[in-house]
Amino acid sequence: MPELPEVEAIARTLRPFVEGRTIERCRVIHPIAAAGMSGKGKQVAAAKLEKNLGGRKIERVERRGKFLILALDSGSAVMHFKFDGQLVWFDGKETCGHIDVALETAHGTLGFVDPRHLGRVQWVASLDEIPGLRTMGVEPLAEEFTAERLAEALAGSRKAVKVCLLDQAKIAGVGNIYSSEALWRARIDPRRPAHRLSETETNRLRRGIVDVLRNALKCCLHPAPNFRDANWWFQGLERILRVYGREEKKCQRCGHRVARMQLGGRGTYWCPGCQK
DNA sequence: ACGGAAACCTGGACGC
DNA sequence: TGCGTCCAGGTTTCCG
């Protein structure tokens, strides 16, 4: 579920728990969580994860797109939450619930949880080994995400602009919710071919992406993630959503009814009244 | 090369 | 209550 703002909030909140600490032991309880993104070779991958994380010091917690990265004194632990992945913190070595992977430190245990087992935890010597990271596009909250960079990302693609925004190789970390929201803010129809946006529209879209992500990040940090509560999840995001999940409700800008359609196989919300 | 659809998994919501 | 169906905020892979 988490998109860029959620993962960023997780990274910031996790830092004081693990930065500078040593993973005394890694236990893989559900091997599929250690497999490659395709799900193959899970037993080998699980053994590799336990071996390579054990004894490693966590030097930094970072985020790239929707990936959470624990930079170690040797290699990196790379996590992807997909739909339902979550982190849980236990103050001792005892864990409970359906933990997929446990990282034990002297101060407590970090658990990676995913009831659907689509999420992944992998160890790599170099981040380039993760295909999704190797090809990752520009970070939308970084300074280099200018209107020119966005125009470059959209140029040459006849796909619907909404589908382009979901392409992680173009822009990092934007998912199904915030792509719909950014297009609403920019007053652009999600079906518009990406390469046909005018300069003005591209500018508005950049603004829309940056604003919705910043807004969501603020929301995700107040209140901050609570890793000690297994039932915790981000609260209050619906307050900042203007179209996502609001099918049939009135558009807060023009009063037209919000519509839903399938675009690139994903549920897409938009306002036919003011998104042109 | 490119776009579309299926696959990977499981739980929850909904209709009958 | 029970069962079938559809849906899910992601990414990779397969197929035409």
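Just so we're on the same page: letters track the sequence lines, and every chain starts at 1. Side chains are part of it too, since the values below use all heavy atoms of this structure and drop only hydrogens, waters and symmetry mates.
A:Gly175 comes within contact range of the sugar-phosphate backbone alone, with a heavy-atom separation under 4.0 Å but no base atom that close.
Counting only N and O atoms by type, the side chains of A:Lys162 and A:Thr268 include a donor and acceptor under 3.5 Å apart. For A:Trp233 and A:Asn231, the side-chain atoms include no donor-acceptor pair closer than 3.5 Å. Looking only at atom types and distance, the side chain of A:Arg158 has no donor-acceptor partner in the side chain of A:His195 under 3.5 Å away.
A:Leu133 has its CG atom 14 Å from the C1' atom of C:dG10, to the nearest Å. As rounded to whole Å, 14 Å separates atom P of B:dG4 from atom CZ of A:Arg266. As rounded to whole Å, 6 Å separates atom P of B:dT10 from atom NE2 of A:His30. The distance between atom CG of A:Leu118 and atom C1' of B:dC8, rounded to the nearest whole Å, is 6 Å. Rounded to whole Å, atom P of C:dT13 lies 15 Å from atom CG of A:Asp167. Distance CZ (A:Phe67) to C1' (C:dT12): 11 Å, rounded to an integer number of Å. Here the P atom of nucleotide C:dT11 and the CD1 atom of A:Ile171 are 13 Å apart, to the nearest Å. Counting to the nearest Å, the P atom of B:dG3 and the CD atom of A:Gln262 are 19 Å from each other.
In this structure, the nucleotide among B:dG11, C:dG10, C:dA8 sitting nearest to the side chain of A:Lys82 is C:dG10. Among the nucleotides C:dT11, C:dG9, B:dG3, the one closest to any side-chain atom of A:Trp233 is C:dG9. Which of C:dA8, C:dG10, B:dC9 sits closest to the side chain of A:Ile32 comes down to B:dC9. Comparing C:dA8, C:dT12, C:dG10 against the side chain of A:Tyr244 picks out C:dA8 as the nearest. For A:Arg260, counting side-chain heavy atoms from C-beta on, the closest listed nucleotide (C:dG10, C:dA8, C:dG9) is C:dA8.
Using a 30° and 60° split on the angle between ring planes, A:Phe67 and A:His80 fall in the perpendicular class, above 60°.
Remark: B:dC16 base-pairs with C:dG2; criterion is Watson-Crick or G-U wobble with both hydrogen-bond distances under 3.5 Å. Pairing for C:dG9 is absent, judged as Watson-Crick or G-U wobble with the two contacts each under 3.5 Å.
Residue A:His80 places at least one side-chain N or O under 4.0 Å from the OP1 or OP2 atom of C:dT11. Using a 4.0 Å cut-off, no side-chain N or O of A:Gln168 falls inside it from OP1 or OP2 of C:dG10. Contact annotation: A:Lys66 side-chain N/O to C:dT11 OP1/OP2 distance is under 4.0 Å.
One P atom belongs to B:dA6, the other to C:dC6, and the distance between them is 13 Å to the nearest Å. B:dG3 sits 23 Å from C:dG9 when the C1' atoms are compared, rounded to a whole Å. Annotation: B:dA5 and C:dC7 have their P atoms spaced 14 Å apart (nearest Å). Taking atom P in both B:dC9 and C:dG4, one finds a spacing of 22 Å when rounded to whole Å.
Below the 3.5 angstrom threshold, one finds a donor paired with an acceptor across the side chain of A:Glu6 and the base of C:dG9.
Evaluated for a side chain to side chain donor-acceptor pair (under 3.5 Å) with A:Tyr269, the options A:Arg260, A:Arg242, A:Glu247 yield exactly one hit, A:Arg260.
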Apply side-chain hydrogen bond (donor to acceptor under 3.5 Å, both in side chains) to A:Lys93 and A:Thr109, showing your working.
CA-CA 6 Å; A:Lys93 290 198 168 39; A:Thr109 300; over 6 Å; no
